[in-house]
Number of protein chains: 2
Amino acid sequence: MAGLHEVAKLSGVSKSTVSRVINNEYGVKASTKEKVQKAIDECGYVANQVARDLKLQKTNLIGVIVPRMSSNATAKGLDGLSSVIELAGKHVLLANSQQDNEKEIEYIKRFNQKRVEGILLYATHLDEALVKAIKQSAVPVVLIGQDGSLFNIPSIIHDDVGVGFNAGLRLLEAGASNIGFIGVNSQDIAVDQCRFQGLTQSLQHSRQISALFHSRGEFTIESGYQQTKQLLLDWPQLDGLFCATDRIAIGAMKAISEANKIPGKDIKVLGVGNDELGLVCTPSLSTFNYAFDLSGKKSAQVLLDLIENKQADVSKLVMSFENIFRQSC
Amino acid sequence: MAGLHEVAKLSGVSKSTVSRVINNEYGVKASTKEKVQKAIDECGYVANQVARDLKLQKTNLIGVIVPRMSSNATAKGLDGLSSVIELAGKHVLLANSQQDNEKEIEYIKRFNQKRVEGILLYATHLDEALVKAIKQSAVPVVLIGQDGSLFNIPSIIHDDVGVGFNAGLRLLEAGASNIGFIGVNSQDIAVDQCRFQGLTQSLQHSRQISALFHSRGEFTIESGYQQTKQLLLDWPQLDGLFCATDRIAIGAMKAISEANKIPGKDIKVLGVGNDELGLVCTPSLSTFNYAFDLSGKKSAQVLLDLIENKQADVSKLVMSFENIFRQSC
DNA sequence: TTGAAAGCGCTACCAA
DNA sequence: TTGGTAGCGCTTTCAA
């Protein structure tokens, strides 16, 4: 591929002048500019950004690590953050950790080698190894979805405890009093622990009761279905069910219907996330809306700020939520 | 940030030797290796991939351009292709064109500057400007979702005509004979044109009839709903409806229900894409499954092959589909 | 087994 | 308004 050198030779000027033309700098005679431009077109010159990046010590690259692409949260989040990053004239280097904790760490290292300017990490957990890897990163890391502020890692999180608390309130208000919770795995502080904790608090606070159970499974409709089938047998008195995600809730409603109970009547059901799935299913799912695209944008802004100013204005940003009232509760 | 030079000074050897240690090359005395390793740990050296890339003239970067992230097709596709690219030891540079035709072209250029090794382009259209931009790309471009093989652009497409044809057959077989089509915009050859063309062919072939109408709108549930509300008024005899996407079909079913007709009984409805939404809605949506993750993988494989061998083994790859039978038809 | 030096393609400083 | 030159951080050849 043609380089500056060739263009210079072809147009009979020096590399410096060609460089000036390419970068639209002042102080180049119009006629030379033209001459150079012609040579550029002629040999199809394309500036080599790698060489530039090395020289300028700046890559305009933002690393983004996600656990998987096909989830409401990450897809919407990516849409949000990519628009902010693009507006800042930077690019997204994307890595899919496929829920593998070791890969997450591996990517943080690889991104540092690539000299990204910062890293956005969609986290589903936060263990010692991950914290250490983040600490060792030479470039700033912003966490999305889990709270790392205790370790001094800037984090954008959703108000999971608040959602849990409100879930309890809504379920009680709808007349339920035997309330269970289906979460995910206990490593996921935000989704499993915080949401359950909020539920427990509101149940205690309002009625001095506890949750019937805290079941755990995957993030899928199928998992919600299977768990609920069993739970219905174990807890016949169940009349309120809070599910950590909408998909789980939809699976749960299916199991409830199959057991000849009516979701939203015999058993109130609540999900989290405002997945479009909840809008089209029957009965439609009452849930909580998290503005995933907005949290994507915010996290990008926080990171860009961190890159710019070398220090954090915010250490934790808790996104609010919205109650979505539909048929299931 | 510490460089090779510092490590060399710190360990009292030359840069060459440090480089050898870093790259695990043979012919370094164990004791020197150790010495160097200690120095590396000491000053927290992280190899600069930008400099390497420049020297080696190789970036291991694959550019991926998508119209938007939060769509079933792209999210699943990204999951598929990223796993293949990762396995090949390469990285994904992601760009979100936000359905903007000019941005697509802009990104192709920017990716060339970044010296990506190849580009994967999720296309929703294919006009002259885009073809020209692809032709001008110094690195191979693989098209996903639209057929560019006429312009000699390697393409991974879904069998849209085949789906349309089968849709006609299924609708007729279910007893419908007044059949309409809701597409998107006419620029989208694959989704709008081909699917309609297939439908037309099967209707002609089986019964020598034509489609009642070819309506057009957006890719959304709402758009399907609004269009169908009007179409029901215009075509009271309608008893079969083929929708270019599942979302449109779901909106259509809502409008049908509201008009006191039963989707799947009074009016048979068929979508395309096997979106999970179709599984949870009532009545559940009969549709066609496209293996989006697989087409993502395939396209990555084709591109890697193209990069490796500098020439295309396949110029067009048509992915098959699967009939999904549910309640709506 | 190690080191010196050239050079990847560019920018930017200084001199002309 | 232009050109020469140094150097970004690395790999690799050649010589020692």
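Letters A, B, ... are given to chains in the order of the sequence lines, protein chains preceding strands, and every chain is numbered from 1.
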In this structure, how many angstroms lie between the P atom of D:dT13 and the NZ atom of B:Lys15, rounded? 17 Å
Ignoring hydrogens and angles, state whether a donor on the side chain of B:His125 or B:Asn101 is under 3.5 Å from an acceptor on the partner side chain. yes
Could you check whether A:Gly27 gets within reach of a base, just the sugar-phosphate, or nothing at all, counting any heavy atom under 4.0 Å? base
For A:Ile22 and C:dA12, give me the distance from atom CD1 to atom P, rounded to whole Å. 12 Å
Any side-chain donor near an acceptor of the partner, A:Ser19 and A:Ser16, under 3.5 Å: no
Under the 3.5 Å rule, do the base of C:dG9 and the side chain of B:Arg115 count as making a donor-acceptor pair? no
Identified side chain to side chain contact (heavy atoms under 4.5 Å, CB included) counterpart of B:Ile62 within the set B:Leu93, B:Val139, B:Ile307: B:Ile307
From C:dT2, D:dT11, C:dT11, pick the nucleotide closest to the side chain of B:Leu4? D:dT11
Under-4.0 Å salt bridge between B:Lys29 and B:Glu34: no
Atom-pair distance (OH on A:Tyr26; P on C:dA12), nearest Å: 16 Å
What heavy-atom pair brings B:Leu150 and B:Asp147 nearest, and what distance separates the two atoms? N-OD1, 4.5 Å
Please list, by residue number, the residues of residues 34-59 of chain B whose heavy atoms come closer than 4.0 Å to an atom of DNA chain C; answer none if no residue qualifies. B:Leu54, B:Lys55, B:Gln57
Indicate whether the side chain of A:Thr59 and that of A:Asp53 have a donor and an acceptor atom separated by less than 3.5 Å. no
Quick check on DNA chain D: between B:Gly3 and A:Ala30, whose nearest nucleotide comes earlier from the 5' end? A:Ala30
What's the closest nucleotide to the side chain of B:Asn23 if the choices are D:dT13, D:dT11, C:dC10? D:dT11
Mind checking A:Thr17 for me? I need base, sugar-phosphate or nothing, with any heavy atom below 4.0 Å counting as a touch. sugar-phosphate
Can you tell me the distance, in whole Å, between the CE atom of A:Met1 and the P atom of C:dC8? 16 Å
Under 3.5 Å donor-acceptor, A:Asn112 side chain and A:Ile108 backbone: yes
Rounding to the nearest 10°, end axes of the helix from C:dT1-D:dA16 to C:dA16-D:dT1 built from five pairs each make an angle of 40°
Looking only at side-chain atoms of A:Ser16, point me to the closest of D:dG3, C:dG3, D:dT11. D:dG3
Provide, to the nearest angstrom, the distance between the NE2 atom belonging to B:His5 and the C1' atom belonging to D:dA6. 15 Å
Once salt bridge (charged side-chain N to carboxylate O under 4.0 Å, His left out) is applied, do any residues pair with B:Glu117, and if so which ones, sequence neighbours excluded? B:Lys58, B:Lys90
Regarding A:Asp188 and A:Gln146, is there a side-chain donor-to-acceptor distance under 3.5 Å anywhere? yes
Would you kindly give the NZ-to-C1' distance between B:Lys33 and C:dT2, to the nearest whole Å? 14 Å
Against the side chain of A:Glu25, the closest entry in D:dT2, C:dA12, C:dG3 is C:dA12
Taking it one step at a time, do B:Lys38 and B:Glu42 satisfy salt bridge (Lys or Arg N to Asp or Glu O under 4.0 Å)? CA-CA 6 Å; B:Lys38 221 181 75 186; B:Glu42 209 163 301; 5.3 Å; no
Whole Å only: how far is the CD atom of A:Glu6 from the C1' atom of C:dG9? 12 Å
